[in-house]
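Working notes for the structure below.
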Amino acid sequence: MASSAKQPAHLNLERFGTVLRVTINNPRKKNALNRQAYKDVCDTLNAANRDDTVNVVVLTGTGDFYSSGNDISSIIAEDGPAEEKLAKGNAILRDMVRAFINFDKLLIGIVNGPAIGIAATTVLLCDVVYMVDTAYFYTPFSNLGLCAEGGSSYSFPLLMGRSKASEMLLLNHRMTAEEALRFGVVADVLKRDEIESKLWPRVLEYGTLPVGSIIATKKLLNRFQRDKLHEANDSETNMLSERWQTEEALEAIMKFMTRKSKL
């Protein structure tokens with residue numbers, strides 16, 4: 001195993017032969033993603049897609065959380081006019097989601113803990129997702145006065161059916177690991193201590209599979225979906241820009257930040 005020489009601020013990159021493990025590493029904020037982290041994930045996926053020595057990318061998180069989602073406090077703290085910040089943030093978000101959609105090789109998510117908001121929607125763009133039994137998916141967009149993101153307005157109904165997707169995206173439902181397995185959202189559920197002992201050896205074996213075959217079959221699997229995911233991503237980021245500027249969203253976010261500060 002060899003680690004990357006230059007590590008992004010909130011990502012840990014490790015190479016295991018043809019397998020690249022990308023670990024979200026911001027434990028102080030439960031692996032929340034700020035805009036630099038979005039850019040780093042985007043750049044890492046795009047670089048791995050071009051790298052002939054990488055066959056598999058694995059996404060996971062440090063500690064007890066996969067990721068608590070968007071680091072809203074970092075956006076509020078940024079300098080500059082609100083419109084400028086929104087435009088910049090939306091462009092970075094759109095590009096990161098595009099990198100997930102455009103990834104041609106095997107992309108695996110190992111959800112080691114709660115995956116919230118953009119973390120949940122993007123990890124479910126992976127080809128195969130494994131989940132620990134104590135984890136959950138949570139997309140509280142309406143609680144924040146915002147809207148679906150990460151391609152979820154298309155991918156969630158496709159994965160889990162319209163009713164369950166609506167419960168997730170409209171009604172802030174927390175999907176447990178058992179429920180995710182029952183709905184076919186994840187491939188397997190395991191204990192936390194089984195990630196290294198049981199799952200990781202299998203992942204390393206996946207790295208030895210003929211990558212051309214993986215790419216060819218993935219192209220067939222995704223031939224009807226990729227354009228629709230891009231369309232969803234574009235529509236979502238446009239709508240998100242509108243939502244951020246509404247009084248309803250600003251009030252909901254302020255309430256969220258106030259509750260968070262009291263914890």
Once you round to the nearest 0.5 Å, how far does [atom1] of [X] lie from [atom2] of [Y]?
{"X": "M175", "Y": "L124", "atom1": "CE", "atom2": "CG", "value": "8.5 Å"}
{"X": "I92", "Y": "T237", "atom1": "CD1", "atom2": "OG1", "value": "12.5 Å"}
{"X": "M168", "Y": "L159", "atom1": "CE", "atom2": "CG", "value": "10.0 Å"}
{"X": "T139", "Y": "I116", "atom1": "OG1", "atom2": "CD1", "value": "10.0 Å"}
{"X": "L33", "Y": "T122", "atom1": "CG", "atom2": "OG1", "value": "7.0 Å"}
{"X": "F156", "Y": "F137", "atom1": "CZ", "atom2": "CZ", "value": "7.5 Å"}

If I compare all heavy atoms of [X] with all of [Y], which pair ends up nearest, and what's the gap?
{"X": "R174", "Y": "E179", "result": "O-OE1, 3.9 Å"}
{"X": "S67", "Y": "N31", "result": "OG-O, 2.7 Å"}
{"X": "G207", "Y": "V19", "result": "CA-CG2, 3.9 Å"}
{"X": "A115", "Y": "Y66", "result": "CB-CD2, 3.7 Å"}
{"X": "Q7", "Y": "L13", "result": "OE1-N, 2.6 Å"}
{"X": "A165", "Y": "P157", "result": "CB-N, 3.5 Å"}

Looking just at side-chain N and O atoms, do [X] and [Y] make a donor-acceptor pair shorter than 3.5 Å?
{"X": "N238", "Y": "E242", "value": "no"}
{"X": "N46", "Y": "R98", "value": "no"}
{"X": "N70", "Y": "Y38", "value": "yes"}

Same hydrophobic cluster for [X] and [Y], using side-chain heavy-atom links shorter than 4.5 Å among ILVMFWY?
{"X": "V129", "Y": "L221", "result": "no"}
{"X": "Y136", "Y": "I118", "result": "no"}
{"X": "F100", "Y": "V123", "result": "yes"}
{"X": "L125", "Y": "F183", "result": "yes"}
{"X": "V58", "Y": "L209", "result": "yes"}

Taking atom [atom1] of [X] as the centre, does the number of heavy atoms from other residues, nucleotides or ligands within less than 6.0 Å exceed 12?
{"X": "E196", "atom1": "CD", "result": "yes"}
{"X": "K105", "atom1": "NZ", "result": "yes"}
{"X": "K39", "atom1": "NZ", "result": "no"}
{"X": "K228", "atom1": "NZ", "result": "no"}

Do [X] side-chain atoms and [Y] backbone N/O form a donor-acceptor pair below 3.5 Å?
{"X": "D133", "Y": "K191", "value": "no"}
{"X": "N49", "Y": "F103", "value": "no"}
{"X": "Q245", "Y": "S241", "value": "yes"}
{"X": "N112", "Y": "V132", "value": "no"}
{"X": "S152", "Y": "E149", "value": "yes"}
{"X": "N34", "Y": "A37", "value": "yes"}
{"X": "S155", "Y": "G151", "value": "yes"}

**Request:** Would you please test L199 and E194 for side-chain contact (heavy atoms from CB on, under 4.5 Å) and show each step?
**Result:** CA-CA 6 Å; L199 179 58; E194 292 178 324; over 6 Å; no
Does any part of the side chain of [Y], heavy atoms only, come nearer than 4.5 Å to the side chain of [X], both counted from C-beta?
{"X": "I253", "Y": "W244", "value": "yes"}
{"X": "S142", "Y": "L170", "value": "no"}
{"X": "L93", "Y": "L240", "value": "yes"}
{"X": "V186", "Y": "V111", "value": "no"}
{"X": "S235", "Y": "M239", "value": "no"}
{"X": "T53", "Y": "R15", "value": "yes"}
{"X": "Y138", "Y": "N143", "value": "yes"}
{"X": "D64", "Y": "R192", "value": "yes"}

Could you tell me whether [X] and [Y] make a salt bridge, using a distance below 4.0 angstrom between a side-chain N and a carboxylate O?
{"X": "E205", "Y": "R202", "value": "no"}
{"X": "E178", "Y": "R182", "value": "yes"}
{"X": "E248", "Y": "R243", "value": "yes"}
{"X": "R226", "Y": "D104", "value": "yes"}

**Message:** My understanding is that only one of L59, V41, N26, T23 makes a side chain to side chain contact (heavy atoms under 4.5 Å, CB included) with L11; could you say which?
**Reply:**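 Going through the options one by one, the only one that passes is V41.
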**Request:** Identify which one of Q225, E236, H230 satisfies the side chain to side chain contact (heavy atoms under 4.5 Å, CB included) criterion when paired with Y154.
**Result:**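 The option that passes is Q225.
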**Prompt:** Where do C126 and I108 land on the side-chain contact (heavy atoms from CB on, under 4.5 Å) test, with the steps shown first?
**Reply:** CA-CA 6 Å; C126 291; I108 295 175; 5.9 Å; no
**Asked** Are N25 and T62 close enough, and set up right, to give a side-chain hydrogen bond (donor to acceptor under 3.5 Å, both in side chains), and what steps lead you there?
**Response** CA-CA 5 Å; N25 187 30; T62 295; 3.1 Å; yes
**Prompt:** So which pairs with a foot in residues 187-227 pass ring pair (Phe, Tyr, Trp, His ring centres under 6.0 Å), sequence neighbours left out?
**Reply:**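 Non-adjacent pairs meeting ring pair (Phe, Tyr, Trp, His ring centres under 6.0 Å): F16-W200.
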